[in-house]
Amino acid sequence: MAKNLVIVESPAKAKTIEGFLGKDFVVRSSFGHVMDLNKTKLSVDIENDFKPEYEISPDKKKVVTELKKMAKEAETVWLATDEDREGEAISWHLFNALGLTEDSTKRIVFHEITKNAITNAIDNPRGIDTNLVSAQQARRVLDRLVGYELSPLLWKKVKPALSAGRVQSVAVRLIVEREEEIKAFESVSYFRVVAEFQLTERENQQTFQAEYPVRFSTFEEAKVFLENHTGAEFKVASVEKKPAKKSPAPPFTTSTLQQEASRKLGFPVGKTMRVAQQLYESGKITYMRTDSVNLSNTALGMAKQEISKLFGKEYIRIRKFTTKTKGAQEAHEAIRPTYLSNQSVDRSDDEQRLYSLIWKRTIASQMSEAQLEKTTVKIDSSFAKEQFVANGEVVKFDGFLKVYIEGTDEENGNGKSGMLPAMESGDPLSLNVMNARQRFTKHPPRYTEASLVKKMEELGIGRPSTYAPTISTIQKREYIVKERRPSQKRNVQMITLQDGNVQEKMLTENGATEKAKLYPTDIGTVVNRFLVEYFKNILDYNFTANVEKEFDDIAEGKKQWNQMIKEFYGPFHDKIETTQETSGKFTGERLLGQDPETGKNVYSKVGRFGPIAQIGDTDSEEKPRFAGLRNGLSLETITLKEALGLFDFPRSLGEYENEEVTVAIGRFGPYVKHNKKFYSIGKEDDPSVINLERAIEIISEKRSADQKKIIKEFKEDEDVQVLNGRYGAYLVIKKQNYKIPKEHDPSELTLEDCYKISRDPKNMPKKRYNRKRK
DNA sequence: CAGTGAGCGAGCTTCCGCTTGACTT
């Protein structure tokens with residue numbers, strides 16, 4: 001039996017490290033946290049100094065049993081979890097869960113997975129840092145208290161099953177407020193004048209563009225300006241050259257990797273992390289959840305060698321980057337290829353593309369600056385007060401630009417500045433064409449998943465391991481939706497001066513095809529309004545940054561963790577109680593007007609099942625009528641007419657095959673009903689205008705689709721069917737589903753086989769924990 | 001992925017952070 005058991009957090013890491021250590025060492029992983037608060041209750045003893053009630057996480061029981069057994073047999077247990085707050089806590093939890101003793105346990109840390117770093121760590125063990133553990137407890141308990149007291153308040157005041165938390169609620173707030181800014185934004189149009197010139201006395205006919213520095217606010221002004229320039233003369237007033245430098249971006253962290261993969265590969269953040277995980281597990285890249293931009297010396301050495309080999313010595317410039325991120329814990333290296341000599345990997349297409357991005361970014365970060373020459377040419381016009389300006393940029397030495405240019409979030413980079421022809425002050429210029437094109441000021445952009453992560457990181461909210469999950473949580477809760485909404489076309493005026501003539505024309509501008517953007521839902525907006533009104537301090541963008549300072553104090557032993565929690569919890573809990581008692585339902589209710597038929601009030605609000613329209617008052621004797629909001633209607637913008645339209649269902653369309661066809665709106669959207677069967681209506685049809693003809697089409701389409709999924713039917717017993725579902729073939733008998741064991745070929749099944757399968761309890765569907773009640 | 005198809009109720013829901021597979025009707 002091995003004398004030494006080393007425990008790390010990740011199994012891939014365990015495998016690598018085991019290779020560095022001798023036979024006397026066995027390396028295993030804890031798979032992250034092993035203990036946590038029970039999730040069915042608060043699990044914080046408020047009366048008893050906020051003592052957290054930990055348990056071994058249900059899904060970690062097996063791992064813990066295994067580790068415990070191995071620990072017992074080992075002479076020394078080395079706790080080698082990450083050197084940050086959470087890692088220290090994991091070590092502490094392992095110490096307790098495995099029943100370790102101080103004599104036989106050592107705590108070691110390393111920041112890079114190299115043989116040197118590991119052996120060095122083994123030579124310098126320490127004890128568990130209890131202050132750091134306390135800081136983690138404070139973090140954990142604070143999050144639990146906030147989450148488990150705010151969420152139930154939302155269930156009572158807004159809608160069941162909602163959630164709130166230190167991180168997710170602020171993320172939602174960012175999106176809601178951005179949307180409000182956009183709504184409040186008034187786009188202003190202006191005219192930008194761009195002229196295209198060439199040197200008059202030059203054989204080389206290279207043209208270049210120059211912009212007039214004044215923007216005109218009206219069409220008339222712009223037109224007058226152009227008209228004045230018929231027959232104008234132009235000459236170069238000045239030429240100014242300035243050297244400039246560009247430096248490469250630092251190596252990837254989780255957040256910057258997500259941003260670049262989104263910009264350059266179009267990956268949503270979840271996909272980036274999945275693909276990176278595969279690369280990590282196959283040993284191609286270092287750990288992908290990190291906030292550090294640091295590269296190990298081994299990596300720098302490899303970079304130097306690789307750059308020299310590929311581009312030459314003059315391209316090498318080794319840099320040590322330092323992080324500027326709030327609250328960064330830097331337990332790992334930056335994300336980089338394990339071996340920089342591999343420019344590509346023989347993996348799936350997605351993995352290859354992401355790997356290549358990581359390789360380029362890493363290499364570029366250790367390459368020389370690019371040397372540029374920026375040229376500014378000013379041009380005199382015989383008619384204009386100001387000078388036209390042309391900007392040019394020439395790359396004198398490409399440096400890191402040879403491999404990598406960081407992407408930007410700007411929607412259309414209009415600063416294109418290429419090469420300018422050589423010229424001198426006094427050179428006469430001829431005008432080819434001058435355009436005054438209408439432009440519109442742009443509202444701030446909606447967040448994409450990746451730009452939201454960037455913002456969260458700036459605010460210090462969330463951690464590398466939670467960015468992607470948080471974004472998926474707030475979508476699951478239906479606080480926000482990710483959508484690619486088509487940008488609207490718009491008419492743009494353009495005035496052109498060419499060959500001494502001024503002409504006007506109208507262009508249609510198609511907005512650029514947009515990436516999927518994040519939009520708040522009605523629920524998200526209402527929940528945010530509630531939280532900002534009653535819990536402003538927690539929704540404050542600086543809340544996390546402020547508590548992080550206190551966690552740091554705890555980690556340094558300058559503050560007691562339960563004291564900190566006590567100071568927070570007192571006022572917080574009071575606020576929960578008073579809000580509970582004094583405030584009514586918070587539904588974002590709006591009175592839209594009166595129903596012309598009954599004279600009753602019509603409202604829009606968030607109901608039990610989501611946004612609804614309501615006719616009649618809730619406290620009146622007669623029950624109000626309800627209808628869910630549909631297709632793009634929103635609480636804030638719905639009109640009385642639209643709301644009343646929702647009550648026009650179910651509507652009869654006529655008869656088909658001697659049965660009535662009706663259209664209605666149900667729980668899962670609009671549907672057509674015919675002969676007790678339901679047929680969903682897709683987005684392309686509007687249920688309020690659909691006619692019988694179209695309904696019949698929908699019915700037939702569905703029937704033929706159903707035909708395709710039937711693998712087998714039996715004349716003898718029509719209740720028995722073999723169907724093709726999303727997980728492959730399955731068996732249905734009287735609406736009960738059964739698994740088909742692997743040894744059967746679904747298309748060969750006989751009726752007897754089917755009965756046999758249905759009698760075997762092994763093939764019964766597993767009970768889902770959260771089954772819908774009838 | 002396919003399928004689901006009610007009507008303001010009983011009992012359920014929920015946090016953040018660390019890690020990977022399990023395995024579906």
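As a basis for the values below, the full set of heavy atoms in this structure was taken, side chains included, without hydrogen atoms, waters or symmetry mates.
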J.: Which part of the nucleic acid, if any, lies within contact of A:R463, taking any heavy atom under 4.0 Å across all strands shown: a base, the sugar-phosphate backbone alone, or nothing?
T.: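 Sugar-phosphate, backbone atoms only, no base.
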J.: Show the nearest heavy-atom pair for residues A:S169 and A:L531, with the distance to one decimal.
T.: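 Reported closest heavy-atom pair: OG-CD1, 3.6 Å.
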J.: Here's one to test your reading of the geometry: is the NZ or CZ of A:R144 within 45 degrees of the ring axis of A:Y148 and under 6.0 Å from its centre?
T.: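 Yes - A:R144 lies over the ring of A:Y148, closer than 6.0 Å to its centre and within 45° of its axis.
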J.: Check A:D36 with A:R140, please: is the shortest side-chain N to carboxylate O separation under 4.0 Å?
T.: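 Looking at A:D36 together with A:R140, the answer is yes, because their closest N to O distance falls below 4.0 Å.
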J.: Give a yes/no on whether any side-chain N or O of A:S10 is located under 4.0 angstrom from OP1 or OP2 of B:dC18.
T.: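 The answer is no; no side-chain N or O of A:S10 sits under 4.0 Å from OP1 or OP2.
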J.: Please work out if A:G32 contacts a base, only the sugar-phosphate, or nothing of the nucleic acid, heavy-atom cut-off 4.0 Å.
T.: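 Here A:G32 touches the bases of the nucleic acid.
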J.: Could you check which of B:dT20, B:dG5, B:dC18 has an atom nearest any side-chain atom of A:E9?
T.: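 The listed nucleotide nearest to A:E9's side chain is B:dC18.
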J.: Send over the distance from A:L132 CG to B:dG17 P, rounded to a whole Å.
T.: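 From A:L132 CG to B:dG17 P: 15 Å.
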J.: Could you tell me the separation between the CD atom of A:E66 and the P atom of B:dG21, rounded to a whole number of Å?
T.: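 Answer to the nearest Å: 14 Å.
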J.: If you assign each of A:M35 and A:K41 to its closest nucleotide in DNA chain B, which residue comes earlier from the 5' end?
T.: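 Whichever sits nearer the 5' end wins; that is A:K41.
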J.: Take atom P in B:dT25 and the same atom in B:dG21, then report the distance between them in whole Å.
T.: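 About 22 Å, rounded to a whole number of Å.
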J.: What do you reckon, do A:Y148 and the base of B:dC15 stack, with centroid distance below 5.5 Å and planes below 30°?
T.: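 No; by the centre-distance and plane-angle rule, A:Y148 does not count as stacking on B:dC15.
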J.: Can you find a side chain N or O atom of A:Q277 that sits less than 4.0 Å from OP1 or OP2 on B:dT20?
T.: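 Answer yes for this pair, as a side-chain N or O of A:Q277 is under 4.0 Å from OP1 or OP2.
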J.: For A:R166, answer base if it contacts any base atom (sugar-phosphate contacts may also be present), sugar-phosphate if it contacts only those atoms, and nothing otherwise; contact means non-hydrogen atoms under 4.0 Å.
T.: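 Touches sugar-phosphate only.
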J.: Indicate whether any N or O donor in one side chain lies under 3.5 Å from an N or O acceptor in the other, for A:R477 and A:S163.
T.: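 Distance-only check passes for A:R477 and A:S163.
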J.: Would you measure the distance from the C1' atom in B:dA2 across to the matching atom in B:dT24 and give it in whole Å?
T.: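 Looking at atom C1' only, B:dA2 and B:dT24 are 13 Å apart.
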J.: Taking the ring centre of each residue, are A:Y569 and A:F50 less than 6.0 Å apart?
T.: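 Yes, ring centres under 6.0 Å apart.
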J.: To the nearest angstrom, how far is A:F678 atom CZ from B:dA6 atom P?
T.: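 Atom CZ in A:F678 sits about 6 Å away from atom P in B:dA6.
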J.: Base, sugar-phosphate or nothing for A:S151? Non-hydrogen atoms, less than 4.0 Å.
T.: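 The answer is base, as A:S151 lies within the cut-off (heavy atoms under 4.0 Å) of a base atom.
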J.: I want to check one thing: is the phosphate of B:dG17, taken as OP1 and OP2, less than 4.0 Å away from some side-chain N or O of A:S465?
T.: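 Indeed not, no polar side-chain atom of A:S465 lies that close.
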J.: At under 4.0 Å between heavy atoms, what does A:Y287 touch on the DNA or RNA strands: base, sugar-phosphate, or nothing?
T.: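 Sugar-phosphate, no base atom in range.
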J.: Between A:F31 and B:dC18, do the rings stack, that is, sit under 5.5 Å apart with planes less than 30° off each other?
T.: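 So no, this residue does not stack on that base, at least one cut-off failing.
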J.: Using the C1' atom on both, measure B:dC8 against B:dC12 and round to a whole Å.
T.: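 B:dC8 and B:dC12 have their C1' atoms separated by 16 Å.
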J.: Distance check needed: B:dA2 C1' versus A:Y671 OH, whole Å only.
T.: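 The distance from OH of A:Y671 to C1' of B:dA2 comes to 18 Å, rounded to the nearest Å.
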J.: Applying a 4.0 Å non-hydrogen cut-off, can you work out what A:P469 is touching in the nucleic acid: base, sugar-phosphate, or nothing?
T.: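 Result for A:P469 = nothing.
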J.: Ignoring the backbone of A:R139, work out which of B:dC18, B:dT14, B:dG17 is nearest its side chain.
T.: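 So the side chain of A:R139 is nearest to B:dG17.
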J.: Name the nucleic acid region contacted by A:V167, choosing base, sugar-phosphate or nothing; use a 4.0 angstrom heavy-atom cut-off, strictly under.
T.: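 Contact class for A:V167: sugar-phosphate only.
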J.: Using a distance-only test with no angle check, is there a side-chain donor-acceptor pair under 3.5 angstrom linking A:Q136 and A:E86?
T.: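 A:Q136 vs A:E86: donor-acceptor pair found between side chains.
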J.: Using a 4.0 Å heavy-atom cut-off, does A:G87 contact any base of the nucleic acid, only the sugar-phosphate backbone, or nothing at all?
T.: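 Result for A:G87 = nothing.
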J.: Taking the C1' atom in each of B:dT13 and B:dG9, what is the distance between them to the nearest angstrom?
T.: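 Rounded to whole Å, the distance is 16 Å.
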J.: Using the closest heavy atom to pick a nucleotide of DNA chain B for each, name whichever of A:I90 or A:P152 lands nearer the 5' end.
T.: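 Per heavy-atom nearest nucleotide, the more 5' residue is A:P152.
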J.: In whole Å, I'd like the distance from the CD atom of A:E457 to the P atom of B:dG17.
T.: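 My rounded result for the distance is 13 Å.
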J.: If only side-chain N and O atoms of A:T466 are considered, is one of them under 4.0 Å from the OP1 or OP2 phosphate oxygen of B:dG17?
T.: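 Yes, because at least one side-chain N or O of A:T466 sits under 4.0 Å from OP1 or OP2 of B:dG17.
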J.: Do A:H111 and A:E83 have a side chain donor and acceptor closer than 3.5 Å?
T.: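 There is such a pair between these side chains.
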J.: Measure the distance from OH on A:Y467 to P on B:dT19 and round it to the nearest whole Å.
T.: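 From A:Y467 OH to B:dT19 P: 13 Å.
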J.: A:A161 side chain: which of B:dT19, B:dG5, B:dT13 is closest?
T.: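 Between B:dT19, B:dG5, B:dT13, the one nearest the side chain of A:A161 would be B:dT13.
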J.: Within the structure shown, what part of the strands sits under 4.0 Å from A:Q168 by heavy-atom distance: base, sugar-phosphate, or nothing?
T.: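 Contact class for A:Q168: sugar-phosphate only.
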J.: When we call it a touch if two heavy atoms are under 4.0 Å apart, what does A:K39 touch: a base, just sugar-phosphate, or nothing?
T.: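 Base, at least one base atom sits under 4.0 Å.
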J.: Tell me what A:A164 touches on the nucleic acid: a base, only sugar-phosphate, or nothing, going by heavy atoms under 4.0 Å.
T.: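 Answer is sugar-phosphate: A:A164 comes under 4.0 Å of backbone atoms only.
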J.: Quick check on B:dT19: is either OP1 or OP2 less than 4.0 Å from any side-chain nitrogen or oxygen of A:R28?
T.: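 For B:dT19, OP1/OP2 do not have a side-chain N/O of A:R28 under 4.0 Å.
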J.: Could you tell me whether A:T40 contacts a base, only the sugar-phosphate backbone, or nothing, with contacts defined as non-hydrogen atoms closer than 4.0 Å?
T.: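 It contacts base atoms.
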J.: Return the value, rounded to whole Å, for the distance between atom CH2 of A:W155 and atom C1' of B:dG9.
T.: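 Those two atoms, CH2 and C1', are 18 Å apart.
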J.: Name the nucleic acid region contacted by A:R477, choosing base, sugar-phosphate or nothing; use a 4.0 angstrom heavy-atom cut-off, strictly under.
T.: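 Sugar-phosphate: the residue A:R477, judged by heavy atoms under 4.0 Å, touches backbone atoms but no base.
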J.: Rounded to the nearest Å, what distance is computed from the NZ atom of residue A:K476 to the C1' atom of nucleotide B:dT14?
T.: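 Between C1' of B:dT14 and NZ of A:K476: 13 Å.
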J.: Under 4.0 Å from OP1 or OP2 of B:dT19: is there any side-chain N or O of A:R289 that close?
T.: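 Yes, A:R289 has a side-chain N/O under 4.0 Å of OP1/OP2 on B:dT19.
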J.: Would you tell me whether A:R107 and A:T81 have side-chain atoms, one donor and one acceptor, within less than 3.5 Å of each other?
T.: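 Yes.
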J.: Closest to the A:S163 side chain: B:dT19, B:dC8, B:dC15?
T.: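 In terms of side-chain proximity for A:S163, the closest of B:dT19, B:dC8, B:dC15 is B:dC15.
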